[in-house]
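Data block below; observations after.
Side chains are part of it too, since the values below use all heavy atoms of this structure and drop only hydrogens, waters and symmetry mates.
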Amino acid sequence: GLEGGTYPGAVNIQNNDPLYPTVVVSVSLHVIGAPDASVQPASLDYGARFIGLPHDLTLTVANIGTDTLHVSNIMSGDPSVTVSPSSFNVAPHGSQNVNVRWVPATLGAFSTSLTVQSDDAGEPSLGVPVTGNAIPAPVVVVDPTSLTETLYSGNVSNQTLSVSNS
């Protein structure tokens with residue numbers, strides 16, 4: 001479609017009037033642009049992530065419309081998911097990357113959604129499902145916690161150090 005704006009023109013009417021064989025009529029078309037929001041990807045899946053450690057994914061908000069898109073807010077359904085930026089403007093045919101951070105707070109499967117609110121008249125709210133699975137972070141255990149040996153020059157000592165994940 002046409003971008004928002006005013007488009008001047010002329011209509012030439014050819015006829016059989018001998019004095020005025022062509023009549024020119026000025027015309028003007030005023031197009032009101034409309035923003036049209038879309039998101040990519042349609043959903044965010046973090047997969048398995050360690051509890052308490054942040055992980056970032058990128059959500060792209062695009063404007064496939066013909067006027068500036070005003071994103072007023074991106075809301076998260078869970079406080080462990082945050083976004084930045086949460087409000088911005090997108091030019092026609094432009095896009096804005098949004099950082100979406102999940103810091104798993106409890107073990108197990110996770111599911112929430114983001115809601116992108118904008119002035120897109122057709123879809124003022126776009127939902128984006130967010131999923132993941134919080135797993136325990138590894139904990140290294142060493143035994144013994146220190147090793148000490150006194151040797152004469154040229155001597156060798158062997159000691160055992162056990163390293164495990166509890």
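With hydrophobic clusters built from ILVMFWY side chains whose heavy atoms lie under 4.5 angstrom apart, I64 does not share a cluster with V71. V25 is not connected to L29 by any chain of hydrophobic side-chain contacts under 4.5 Å among Ile, Leu, Val, Met, Phe, Trp and Tyr, and they are in different clusters. By the rule that hydrophobic residues join a cluster once side-chain heavy atoms approach within less than 4.5 Å of another member, L59 and V103 end up as members of separate clusters. Note on V90: it clusters hydrophobically with V83, by side-chain heavy-atom contacts below 4.5 Å among ILVMFWY residues.
Considering every non-hydrogen atom in both P129 and A42, the closest pair reads CD-O, 3.4 Å. Of all non-hydrogen atoms in L151 and N155, the two that sit nearest each other are CD1-O, 3.8 Å. S72 and S87 make their closest contact through O-CB, 3.4 Å (heavy atoms, listed as atom of the first residue, atom of the second, distance). The shortest non-hydrogen separation linking S43 to V128 is CA-CG1, 4.0 Å. Looking at every heavy atom in both residues, P92 comes nearest to G65 through CB-O, 3.5 Å. Minimum interatomic distance between V81 and S76 (heavy atoms only, all atoms of both residues): O-OG, 3.0 Å.
Among pairs with a residue in residues 27-47, none fulfils salt bridge (charged side-chain N to carboxylate O under 4.0 Å, His left out), at least two apart in sequence or across chains. For residues 80-107, the salt bridge (charged side-chain N to carboxylate O under 4.0 Å, His left out) pairs, not counting sequence neighbours, are D56-R101. Annotation: ring-ring contact (aromatic ring centres under 6.0 Å, His included) contacts involving residues 117-148, sequence neighbours excluded, are absent. Residue pairs that meet the ring-ring contact (aromatic ring centres under 6.0 Å, His included) test with at least one member in residues 125-166, sequence neighbours left out, do not exist here. Within the structure, salt bridge (charged side-chain N to carboxylate O under 4.0 Å, His left out) pairs that include any residue of residues 114-137 do not occur (at least two apart or interchain). Each salt bridge (charged side-chain N to carboxylate O under 4.0 Å, His left out) pair with one or both residues in residues 138-154, not counting sequence neighbours, would appear here, but there are none. Counting only residues at least two apart or on different chains, the side chain to side chain donor-acceptor pair (under 3.5 Å) pairs with a member in residues 25-35 are T6-H30. Sorted by first then second residue, the ring-ring contact (aromatic ring centres under 6.0 Å, His included) pairs that include residues 72-101, not counting sequence neighbours, number zero.
With a 4.5 Å cut-off on side-chain heavy atoms, N15 and V23 count as touching. Counting heavy atoms from C-beta outward, Q96 and P85 have side chains that approach closer than 4.5 Å.
Note that the CD atom of Q40 and the CG atom of N97 stand 11.5 Å from one another [nearest 0.5 Å]. For the atom pair OG of S125 and CE of M75, the computed distance is 6.5 Å after rounding to the nearest 0.5 Å. Remark: T22 OG1 to Q14 CD distance equals 4.5 Å, nearest 0.5 Å. D67 contributes atom CG, which lies 9.5 Å from atom CG of L69 (distance to the nearest 0.5 angstrom). Annotation: the span from T131 atom OG1 to L44 atom CG amounts to 8.0 Å, rounded to 0.5 Å. Taking OG of S38 as the reference point, atom CG of N63 lies at 8.0 Å (rounded to 0.5 Å).
Using modelled atom types, no side-chain atom of N16 and backbone atom of P21 make a donor-acceptor pair closer than 3.5 Å. Between the side chain of T66 and the backbone N or O of A34 there is at least one donor-acceptor pair closer than 3.5 Å. The main-chain N or O of S84 is never found under 3.5 Å from a side-chain atom of N99 such that the two would form a donor-acceptor pair.
Grouped by direct or indirect side-chain proximity (heavy atoms under 4.5 Å, Ile/Leu/Val/Met/Phe/Trp/Tyr only), L107 sits with I51. Counting side-chain heavy-atom gaps under 4.5 Å among Ile, Leu, Val, Met, Phe, Trp and Tyr, the cluster of L147 also holds V140, V142, L161, V163. The hydrophobic cluster containing L53, built from Ile/Leu/Val/Met/Phe/Trp/Tyr side-chain heavy atoms closer than 4.5 Å, also comprises F50, I135.
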Taking it one step at a time, do D78 and S80 satisfy side-chain hydrogen bond (donor to acceptor under 3.5 Å, both in side chains)? CA-CA 5 Å; D78 188 284; S80 67; 2.6 Å; yes
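With sequence neighbours left out, Y46 forms a ring-ring contact (aromatic ring centres under 6.0 Å, His included) with H55, W102.
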